[in-house]
**Q** 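Dumping the structure here so I can ask a few things about it.
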Amino acid sequence: MKDGEAKWPNGQRQRRAGHGFSMVELLVAIFVIFIVSAIAIIQLGPVLQNYRSDAAMREVLDQLRQAREYSIARRQYVQVTFPVVGGQYQVVTTQRNDLKPGAGAAVVLSTVPIERPVQFLLAGMPDTPDNFGNAAAIEFGGNAGGPPLGMLFQSDGELVDGGTYLPVNGSVFLAAPGQPPSTARAITVLGSTGRVRAWKSSGSGWVQF
């Protein structure tokens with residue numbers, strides 16, 4: 001055998017080494033990648049569902065807290081509503097100048113759409129430990145959707161009935177249709193102080209966020 005000559009019997013293994021992967025080997029590798037990807041997607045599904053529910057809860061929570069802080073800082077009535085526009089669930093904050101003589105028209109401060117596909121929805125969950133009512137996804141003062149004239153944060157931080165100006169407690173329930181009860185969320189407001197709390201579903205009950 002000459003120097004530098006390959007040391008494979010009949011040159012067979014040397015030639016095979018330059019041929020790369022066979023078709024069977026490629027198919028096996030693709031199949032393994034497919035299985036691993038499918039498992040990852042299945043495991044990621046609940047994580048994404050919880051992420052969207054948490055995002056929607058924070059959007060509602062932040063708007064309520066900011067509305068309260070704004071009403072105290074500016075000494076203004078600030079109203080929060082929860083409309084559905086074109087299938088998009090929203091939180092709208094409005095400075096109610098029109099409630100004071102000569103103060104001008106009401107001004108919309110913010111319109112925040114909540115994370116899709118989350119909606120204002122009960123999802124079969126019980127009431128929160130605050131027990132402010134769950135006859136509807138949005139309930140304030142025992143009224144589905146809130147009092148007839150809405151609810152307002154006022155300059156002392158209280159959340160009051162827009163008709164009586166008395167403190168009103170309430171809850172906002174969130175969920176995505178067709179998702180597990182564990183992805184449900186809730187926000188409660190104690191009228192006499194304006195305290196806002198967030199709740200996460202444990203599947204059968206609530207834990208404070």
Side-chain angles (χ1 to χ4, degrees), residues 53 55-72 74-100 103 105-116 118-177 184-201 206 208-209:
S53 295
M57 176 186 65
R58 289 191 182 96
E59 287 159 354
V60 177
L61 183 69
D62 289 345
Q63 290 306 298
L64 285 166
R65 286 177 173 170
Q66 289 174 19
R68 180 179 182 274
E69 291 170 3
Y70 187 93
S71 68
I72 295 172
R74 299 296 181 92
R75 304 192 65 79
Q76 298 285 347
Y77 287 110
V78 177
Q79 185 172 16
V80 180
T81 56
F82 307 93
V84 183
V85 180
Q88 175 66 66
Y89 291 73
Q90 301 178 345
V91 185
V92 178
T93 305
T94 305
Q95 181 175 315
R96 293 296 306 272
N97 298 325
D98 54 320
L99 296 178
K100 294 182 178 180
V107 177
V108 174
L109 301 174
S110 65
T111 299
V112 177
I114 67 172
E115 183 79 16
R116 292 179 183 270
V118 180
Q119 303 176 5
F120 303 127
L121 188 67
L122 286 171
M125 290 294 295
D127 200 358
T128 70
D130 280 337
N131 293 313
F132 291 159
N134 70 330
I138 298 172
E139 183 173 344
F140 285 82
N143 297 285
L149 296 181
M151 48 274 184
L152 310 161
F153 284 104
Q154 60 184 19
S155 58
D156 61 359
E158 288 186 338
L159 182 71
V160 299
D161 184 316
T164 65
Y165 292 90
L166 295 175
V168 59
N169 303 326
S171 304
V172 179
F173 294 90
L174 301 160
R185 302 290 184 269
I187 296 93
T188 58
V189 186
L190 177 63
S192 60
T193 63
R195 181 209 67 205
V196 184
R197 284 181 173 172
W199 303 88
K200 295 183 69 168
S201 167
W206 298 99
Q208 191 171 347
F209 180 77

**Q** Heavy-atom distance under 4.5 Å between the side chains of Tyr89 and Leu174, does that happen here?
**A** no

**Q** Applying side chain to side chain donor-acceptor pair (under 3.5 Å), can you list everything that pairs with Tyr70, at least two apart in sequence or on another chain?
**A** Arg74, Gln95

**Q** Supply the atom-to-atom distance Ser192 OG to Glu158 CD, rounded to the nearest 0.5 angstrom.
**A** 6.5 Å

**Q** List the atom of Gln154, the atom of Ser71, and the distance in Å for their closest heavy-atom pair.
**A** O-OG, 3.2 Å

**Q** If every non-hydrogen atom of Ala186 is compared with every non-hydrogen atom of Phe173, which pair is closest and at what distance?
**A** CB-CD2, 3.8 Å

**Q** Applying side-chain hydrogen bond (donor to acceptor under 3.5 Å, both in side chains), which residue pairs with at least one partner in residues 134-148 are found, sequence neighbours left out?
**A** none

**Q** Is there side-chain contact between Ile187 and Trp199, with heavy atoms separated by less than 4.5 Å?
**A** no

**Q** Is there a side-chain contact between Val160 and Leu166 in this structure, where contact means two heavy atoms from C-beta onward sitting under 4.5 Å apart?
**A** no

**Q** Hey, could you give me the CZ/OG1 distance between Arg185 and Thr128, rounded to the nearest 0.5 Å?
**A** 14.0 Å

**Q** Side chains of Asp130 and Ser171: does their closest heavy-atom pair fall under 4.5 Å?
**A** no

**Q** Is it the case that the side chain of Gln208 and the backbone of Lys200 share a donor-acceptor pair, with hydrogens and angles ignored and the cut-off at 3.5 Å?
**A** no

**Q** Indicate yes or no for a side-chain donor-acceptor contact from Arg68 to the backbone of Thr193 under 3.5 Å, with no hydrogens or angles considered.
**A** yes

**Q** Does Gly133 offer a backbone N or O that forms a donor-acceptor pair with the side chain of Asp127 under 3.5 Å?
**A** yes

**Q** Which heavy-atom pair separates Ala67 from Val80 by the least distance, and what is that distance?
**A** CB-CG2, 3.6 Å

**Q** Check whether any side-chain heavy atom of Leu190 sits under 4.5 Å from a side-chain heavy atom of Phe132, and report yes or no.
**A** yes

**Q** Taking all atoms of both residues into account, what is the closest heavy-atom pair of Leu121 and Ala176, and its distance?
**A** CD2-C, 4.3 Å

**Q** Using a 3.5 Å cut-off and no angle test, enumerate the donor-acceptor pairs between side-chain atoms of residues 56-63 and protein atoms at least two apart in sequence or in another chain.
**A**
from, atom 1, to, atom 2, distance (Å)
Glu59, OE1, Glu115, N, 2.8
Gln63, OE1, Ser110, OG, 2.8

**Q** Do you know the tightest heavy-atom contact between Asp98 and Ala106?
**A** OD1-CB, 3.5 Å

**Q** Any side-chain heavy-atom pair from Val196 and Leu159 closer than 4.5 angstrom?
**A** no

**Q** Do Tyr165 and Leu99 come close enough that some side-chain heavy atom pair is under 4.5 Å?
**A** yes

**Q** With Thr81, which of Thr93, Thr111, Val92 fulfils side-chain contact (heavy atoms from CB on, under 4.5 Å)?
**A** Val92

**Q** Any chance you could measure Phe120, atom CZ, to Gln90, atom CD, to the nearest 0.5 Å?
**A** 8.5 Å

**Q** At what distance, to the nearest 0.5 angstrom, does CD of Gln119 lie from CD1 of Ile114?
**A** 8.0 Å

**Q** Closest approach of Asp161 and Val168, non-hydrogen atoms and distance?
**A** N-CG1, 3.6 Å

